[in-house]
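Below is one structure, written out as C-alpha cells; comments come after it.
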Amino acid sequence: MLINSLFYLAVILLTGLLFGKLLNKFKLPYVTGYIIGGIIIGPSLLNVVPGEMIKSFSIITKAALGFIAFNIGSEFSIPQIKKSGFGVIIITILEALFAVFLVDFAMIFIFNQPVQFSILLGAIAAATAPAATVMVIRQYKAKGPLVNTLLQVVAMDDAVAIIAFSISLAIAQSMNGASGSFFTQAVIKPGIEIFGAALLGIICGFLLALLSKKASGEDQLLVITISIILLALGISEYFNFSSLISCMMIGATLVNITVNKKPFTLTDRFTPPLFVAFFTLAGLDLDLSIIASVGLIGIGYVVFRAAGKLLGSFLGAKIANSPKAVQKYLGLALIPQAGVALGLSMIAENSLENGAGTALKTIILSATVIYELIGPVLAKIALSKAGEIDKNLNS
C-alpha cells in the first residue's frame, strides 16, 4: 500500500506540473492546469489514479488549506485593518448575504422548491473558496487595492457562511418539528466553532512567536512553523472547530505581535509541491457525470449565487467607498466555491428528508466542478482588469 501511495503521489505531482505548464502557455493560471490534469487522470476519465486512492491523500488537502489560511492571516495586520476600516466588513456581509438571499428567492419562487431545502442551499451559497484565488494572486505576484480587499474578504467569508448556515439549519429543523434546537444550532454551535477556532489560533500564534525566538537558523524555524500549523489543524479537527479560522488566526496573531516575517517566507518555499498536489487532487475528486443529473435547479444555483456575489460585492464596495477597481472586479474573484461548501452540504444532507439532502449535495458537488474550473480564470481576469498583475508575468 505504501509503494502504491508513493507511486500515485508522484503521478499526481508530475501530472499537475505538466498540465500547469501546458495551460500556462495559453495564458491560463497554473491552478486551472492542476485541476484539469487531475480530472484527466482521475476516475471521471482515464482512471490512472483510482477513486479509492484519493481518500488516502486527505491529509494533503487538510494541510494545504491550513497553510493557505495561515498566509491569508498575514493580511490582518492592525495598521491594514485600521486603513480598511469597516469597509471590508460591509463588503463581506453584503457579498455573502446577497448570494444567500438570491438563491433563497430563486429556489422558493422560481423553482418551487421546499423552504427547508431552499434556505439550506441558499446559506451554503455564502461560502467562497480562497485557495484557487490565493494561488492565482501568488502566481502573478498581484498587488494593489483589489488584492488587499480580496484577501481580507475571503478570510472573513468563512465565518459569515458558518453563521448563515447554522441559523438556516436551525430554522429548517424547527420547521421539521425539532424542539429546543434553534438556540443550540443557531447560536451555541457556530459560536463554539468560530470563537473556539479563533482562540486556538491566537494561542498557537503566540506559541509560534515564542518558539521562533529560540530557533537556531531557518531550518529549525521552518520545522517549528509547520509543526504549529499542523497542531492547530489536528486540534481543530478533534474539537470540530473551523480549521481555516484557526490557521488564519495564527497568521494574524503572528503578524501583529512580531516583526519577524520569516515564518511566512519560509512556508512559501515549503508549500509549492503541497499546493500542486492539493489542486490536482481536487481535480481527481471531481465527478463530471454528476453535472448532467442536477438539471435546471443546479444551473439556477450556479447563476443566482454568482449574481449575488457580483451584486453584493459591488454594493458593499460602493457603500465602503472602495476604489473603482474593487467595485468593478471584486465579485469576479469571489466566484470559486469548494471545501467549506462541501462540508456544509454533508451536514445538510443528514438534515433533509425524502432524498432532498442527496439532491442538495449533488447540486453543490456539480457547482464545485464548474466553479473550480472557471474560478481561477475569473480571478485572473479580475486582477488583470484591475491592473494589479505583474505585466511581465501576464504576457
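Residues: numbered from 1 along the sequence shown. This structure is a prediction, so every number in the text was calculated from the model and none was measured.
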Looking only at heavy atoms, what is the nearest atom pair of A232 and C204, with distance?
CB-SG, 4.1 Å

So E95 and L330, side-chain contact (heavy atoms from CB on, under 4.5 Å) or not? Walk me through it.
CA-CA 10 Å; E95 60 86 12; L330 178 62; over 6 Å; no

Using a 4.5 Å cut-off on heavy atoms from C-beta on, say whether the side chain of L360 contacts that of L120.
yes

What orientation do F241 and F239 show, parallel under 30°, tilted 30 to 60°, or perpendicular over 60°?
parallel

With a 4.5 Å heavy-atom cut-off, do T271 and F70 have their side chains touching?
no

Would you name the heavy atoms of T280 and G16 that are closest together and state the gap between them?
OG1-CA, 3.3 Å

Hey, quick one: are L13 and L284 part of the same hydrophobic cluster, counting side-chain heavy atoms closer than 4.5 Å, chains of contacts allowed?
yes

Count I, L, V, M, F, W, Y as connected when their side-chain heavy atoms are under 4.5 Å apart, and connections chain through other members. Are I370 and I363 then in the same cluster?
yes

So if you build clusters from Ile, Leu, Val, Met, Phe, Trp, Tyr with side-chain heavy-atom gaps below 4.5 Å, do F7 and I54 land together?
yes

Tell me whether F195 is reachable from F206 by hopping between hydrophobic residues (I, L, V, M, F, W, Y) whose side-chain heavy atoms are closer than 4.5 Å.
no

Can you name the closest pair of heavy atoms from I60 and A277 and give their distance?
CG2-CB, 3.9 Å

Give a yes or no answer on whether the side chain of Q220 reaches the backbone of S216 with a donor-acceptor pair at less than 3.5 Å.
yes

Taken to the nearest 0.5 Å, the spacing of I297 CD1 from M107 CE works out to 6.5 Å

Taking only residues two or more places apart in sequence, or in another chain, which ones meet K62 in a side-chain hydrogen bond (donor to acceptor under 3.5 Å, both in side chains)?
E237

Hey, could you give me the CG/CG distance between L200 and L233, rounded to the nearest 0.5 Å?
9.5 Å

So, does T15 use its side chain to make a donor-acceptor pair with the main chain of I12 at under 3.5 Å?
no

T128 backbone acceptor or donor facing Y371 side chain under 3.5 Å:
no

Measuring only between side-chain heavy atoms, which start at C-beta, is N148 closer than 4.5 Å to V326?
no

Heavy-atom closest pair, residues L230 and A63:
CD2-CB, 4.3 Å

Distance check, rounded to the nearest 0.5 Å: F109 atom CZ versus D104 atom CG?
9.5 Å

Look at the rings of F304 and F111 and say which category their plane angle falls in: under 30° parallel, 30 to 60° tilted, over 60° perpendicular.
perpendicular

How would you list, by chain and number, every residue that makes a side-chain hydrogen bond (donor to acceptor under 3.5 Å, both in side chains) with S246, sequence neighbours excluded?
S236

Examine distances only and state if a side-chain atom of Q337 and a backbone atom of A127 form a donor-acceptor pair shorter than 3.5 Å.
yes

In terms of heavy-atom contacts, does CG of N47 have more than 12 from other residues, nucleotides or ligands at under 6.0 Å?
yes

Any side-chain heavy atom of K380 within less than 4.5 Å of one from K385?
no

To the nearest 0.5 Å, tell me how far L150 CG sits from L334 CG.
6.0 Å

Closest approach of A320 and G87, non-hydrogen atoms and distance?
CB-CA, 3.5 Å

Are there over 12 heavy-atom neighbours, none belonging to K261, within less than 6.0 Å of that residue's NZ?
yes

For F275, does the six-membered ring have the charged nitrogen or CZ of R138 within the cation-pi criterion, i.e. under 6.0 angstrom from the centroid and within 45° of the normal?
no

Rounded to the nearest 0.5 Å, what separation is found between the CG atom of L315 and the CD atom of Q327?
9.5 Å

N/O donor-acceptor pairs under 3.5 Å from side chains in residues 29-37, not counting sequence neighbours:
none

Are the side chains of N71 and V134 in touch, meaning some heavy atoms are under 4.5 Å apart?
no

Working to the nearest 0.5 Å, report the span between CG of L310 and CG of L102.
10.5 Å

Do L18 and L14 have side chains that approach each other closer than 4.5 Å (heavy atoms only, starting at C-beta)?
no

For S56 and M53, indicate whether the former's side chain and the latter's backbone hold a donor-acceptor pair under 3.5 Å.
yes

Heavy-atom closest pair, residues A317 and I91
N-CG1, 3.5 Å

Residue pair S212, T225: steps toward the side-chain contact (heavy atoms from CB on, under 4.5 Å) verdict
CA-CA 8 Å; S212 64; T225 304; over 6 Å; no

Side-chain contact, heavy-atom cut-off 4.5 Å: E218 with R269?
yes

Just to verify, which of L146, V153, L151 counts as forming a side-chain contact (heavy atoms from CB on, under 4.5 Å) with T149?
V153

Taking the ring centre of each residue, are F67 and F270 less than 6.0 Å apart?
yes

When hydrophobic residues are tied together by side-chain contacts of less than 4.5 Å, even through go-betweens, does I124 share a cluster with V160?
no

A quick test of your reading: do over 12 heavy atoms of other residues, nucleotides or ligands sit less than 6.0 Å from CD1 of I59?
no

Contact check, side chains of S243 and L65, non-hydrogen atoms, under 4.5 Å
no

